[in-house]
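Following: one structure in structure tokens, then a few remarks.
Predicted, not measured: the structure shown is a model, and the values here were computed from it.
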Amino acid sequence: SGGGAQMAPFGMGVVPSVLSEGAHEEKGETAQMSNFIGAIAVTDLVKTTLGPKGMDKILQSQSGSIMVTNDGATILRSLLIDNPAAKVLIEISKTQDDEIGDGTTSVCCFAGELLREAEKLLLLHLHPQTVVSGYRKAARAALAKLEALAVDHKSDREKFRAELVKLACTTLSSKVLAQSKQQFAELAVDAVLRLEGSTNLDLVQIIKLPGGSMRDSWLEPGFLLQKKLGVGQPKVMKDAKILVANTAMDTDKVKIYGARVRVDSLTRVAEIEKAEQAKMLAKCERIAAHGCNVFVNRQLIYNRPEQFFSSKGIMAIEHADFDGVERLALVTGTSIVSTFDDPGSVELGRCDKIEEIMIGEQTVLRFSGCSAGAACSVVLRGANSQLLDEAERSLHDALCVLSQTAAVESRMVLGAGCAELAMASAVDEAAAQEQGKIALAMDAFARALRALPGIIADNAGLDAAELVGTLKAHHARGEHHMGLDIEKGVVGDVQALGITESFKLKYAMVNSAVEAAEMVIRVDDVIKAAPRKREDPYGRH
């Protein structure tokens with residue numbers, strides 16, 4: 001019995017815990033399983049939103065406001081999750097959203113599928129490090145194949161535009177805008193091509209106005225400011241010279257806060273007021289000296305200065321919100337001014353015409369023919385605010401992908417599960433050359449890649465196993481243009497269907513999913529700190 005006692009110094013096989021009270025530890029397989037289960041649960045949650053037949057989710061916050069969305073990153077961002085591995089998936093989908101803007105659901109699904117396969121491998125007693133190195137090798141083979149398949153149309157403008165429209169259609173096909181995707185694709189491409197190589201999407205202003213239907217949305221070249229003009233001001237201004245300012249124009253009355261002014265008679269108060277008015281008018285004179293005929297201020301303009309501007313024939317616009325002022329300055333090529341002592345140093349903004357127009361119920365100011373031609377406003381119409389929010393998210397995804405493709409990385413690959421299957425067939429070939437257990441991990445990687453088109457087919461209610469099996473055979477013969485035709489529910493030629501995706505999107509998807517899966521696979525121990533003790537504010541026990 002002595003030997004047994006030496007093994008466990010405390011007898012009875014008790015393991016001393018070094019953690020503080022209330023802290024919680026999971027070791028070995030328990031930790032791995034809980035990680036895998038958490039990550040796979042998150043994947044199963046978002047995978048129904050993947051593809052053109054994907055469904056939407058309603059997210060209700062604690063305050064009761066609801067959001068209807070199909071965007072993977074938006075859904076995951078709103079989840080409150082305790083599982084550490086699930087948090088890793090949420091992070092990669094956020095990264096994908098910031099980096100490319102679309103593909104947020106696919107990256108989460110792919111990482112989840114990789115973990116699902118890894119779980120089976122670990123049950124076969126492969127070492128996690130073996131699985132990781134197999135995944136790495138497979139990813140290299142897959143990305144090499146992806147590079148080989150990518151095509152670039154940047155040189156031919158007409159062709160490039162047509163390809164961009166196809167790309168936008170692919171992005172929008174799984175979103176709420178799918179019904180009129182051709183119109184929105186054209187709209188998004190126009191907006192991005194106006195940017196001419198800049199990826200600054202601030203120049204594209206999205207205005208959401210409830211009413212009408214989604215088909216009534218349009219692209220307004222120039223700039224729309226959601227403001228009304230003041231009283232008695234010129235309604236139309238041609239050849240405008242614009243001064244954008246952020247300054248107080250409201251000292252009509254005595255405003256000496258926190259100070260007491262003692263005067264011996266009322267006439268003195270009148271003198272103070274007069275002095276203030278004189279000061280105000282002097283400021284207005286200085287502003288007029290800039291030679292501008294439109295003055296846009298971020299703050300209030302009181303009646304007196306406004307009247308002064310009207311008499312000078314200057315159009316004064318007050319309370320243009322911060323966003324509006326910033327954008328307006330960008331669009332008209334001026335800067336925001338706060339002091340008016342040096343008219344020479346201020347570059348006035350220019351645009352051909354400013355007029356007041358009505359959209360639905362709302363009056364807006366339209367600035368047309370701006371000097372920075374890159375800018376435009378997209379006016380979205382729709383039945384309710386949730387729909388408009390979702391339309392804005394979808395359009396934003398499309399704009400992100402397009403601007404990245406137009407400015408940074410112009411290569412494209414075929415969509416509709418075609419790129420995934422081509423990569424999987426390349427991984428199969430590479431795995432056939434490998435000896436030992438790494439080949440098992442590489443096969444698992446290929447299976448995970450093939451699971452993505454499978455999910456898309458499942459969401460459309462098609463026989464996924466049948467379709468993916470057929471496609472696998474096509475790709476093994478080197479027919480790398482075959483993919484899913486979801487509308488007809490068969491295998492089709494993706495080139496003829498015109499479904500293209502951005503190369504950068506796919507590349508980032510594979511890369512980040514592999515790295516995230518690697519991170520989760522290598523974990524063998526989860527230690528959670530003790531939860532904070534809640535103190536009773538009333539001192540009761």
Side-chain angles (χ1 to χ4, degrees), residues 43-44 46-56 70 72 102-110 112-114 116-117 142 145-146 148-151 163 165-175 177-179 181-182 185 394 397-398 401 412-428 445-503 505-507 509-510 513:
T43 306
D44 288 345
V46 294
K47 78 176 187 189
T48 52
T49 65
L50 193 64
K53 294 274 191 273
M55 305 302 274
D56 292 3
N70 184 293
D102 191 24
T104 48
T105 312
S106 356
V107 72
C108 182
C109 288
F110 184 41
E113 292 301 330
L114 284 174
R116 206 186 293 256
E117 293 295 337
K145 182 71 177 174
L146 191 65
L149 289 174
V151 284
E163 290 296 319
V165 173
K166 284 184 195 168
L167 187 64
C169 279
T170 308
T171 300
L172 295 173
S173 65
S174 63
K175 304 278 196 287
L177 301 174
Q179 299 313 314
K181 65 180 176 191
Q182 193 61 38
S394 315
D397 278 7
V401 177
M412 302 186 195
V413 291
L414 292 173
C418 177
E420 283 87 352
L421 279 150
M423 287 193 278
S425 74
V427 173
D428 280 343
F445 188 91
R447 277 201 299 282
L449 273 170
R450 287 200 188 95
L452 286 176
I455 294 172
I456 293 177
D458 268 341
N459 287 344
L462 306 172
D463 184 345
E466 170 77 23
L467 287 172
V468 176
T470 315
L471 279 176
K472 183 178 170 182
H474 278 300
H475 282 267
R477 287 193 227 116
E479 297 168 17
H480 290 318
H481 51 78
M482 300 301 278
L484 295 170
D485 180 350
I486 292 288
E487 296 305 316
K488 295 200 179 75
V490 291
V491 169
D493 181 346
V494 182
Q495 240 158 352
L497 292 168
I499 303 174
T500 51
E501 289 194 66
S502 140
F503 166 76
L505 181 147
K506 281 276 177 266
Y507 196 87
M509 179 195 94
V510 174

Work out which heavy atom in K506 is nearest to a heavy atom in A419; give both atom names and the distance.
CE-CB, 4.0 Å

Acceptor/donor pairs from residues 448-468 side chains to any protein atom, 3.5 angstrom cut, sequence neighbours excluded:
from, atom 1, to, atom 2, distance (Å)
R450, NH2, D428, OD2, 2.5
N459, ND2, K47, O, 3.0
N459, ND2, L50, O, 2.8
D463, OD1, A465, N, 3.4
D463, OD1, E466, N, 3.3

As an exercise, state the distance from CD of E501 to CG of D102, rounded to the nearest 0.5 Å.
7.5 Å

Could you pull out the closest heavy-atom pair between G112 and T43, with the gap in Å?
CA-OG1, 3.2 Å

Would you compute the distance between atom CZ of R447 and atom CG of L114 and round it to the nearest 0.5 angstrom?
11.0 Å

With sequence neighbours left out, the residues meeting ring-ring contact (aromatic ring centres under 6.0 Å, His included) with H474 are none

Approximate separation, where rounding is to 0.5 Å, of T105 OG1 and N70 CG:
6.5 Å

For M482 and V494, which heavy atoms make the closest approach, and how far apart are they?
C-CG2, 3.9 Å

pair Q182-V165: side-chain heavy atoms closer than 4.5 Å
yes

Of all the heavy-atom pairs spanning A422 and H480, show the shortest one and how long it is.
CB-ND1, 3.8 Å

Identify, with sequence neighbours excluded, every residue that meets side-chain hydrogen bond (donor to acceptor under 3.5 Å, both in side chains) alongside K166.
E163

Taking only residues two or more places apart in sequence, or in another chain, which ones meet R116 in a salt bridge (charged side-chain N to carboxylate O under 4.0 Å, His left out)?
D44, E113

With sequence neighbours left out, what residues match S173 under side-chain hydrogen bond (donor to acceptor under 3.5 Å, both in side chains)?
none

Identify the heavy atoms of F110 and V510 that sit nearest to each other, and give their distance.
CE2-CA, 4.0 Å

Excluding sequence neighbours, so at least two apart, what forms side-chain contact (heavy atoms from CB on, under 4.5 Å) with S394?
L172, K175, V176, L177, E390

Interatomic spacing from CG in L414 to CD in E420 - rounded to 0.5 Å:
11.0 Å

Sort and list the pairs that fulfil salt bridge (Lys or Arg N to Asp or Glu O under 4.0 Å) and have at least one residue in residues 467-480, not counting sequence neighbours.
R477-E479

About how many Å separate SG of C418 and CE of M423, when rounded to the nearest 0.5 Å?
10.0 Å

Nearest-0.5 Å distance, CG of residue L505 to OG of residue S106:
6.5 Å

What are the two closest heavy atoms between V46 and C109, and how far apart are they?
CG2-SG, 4.4 Å

Any pair counted as side chain to side chain donor-acceptor pair (under 3.5 Å), so long as it reaches residues 481-495, sequence neighbours left out
H481-D493

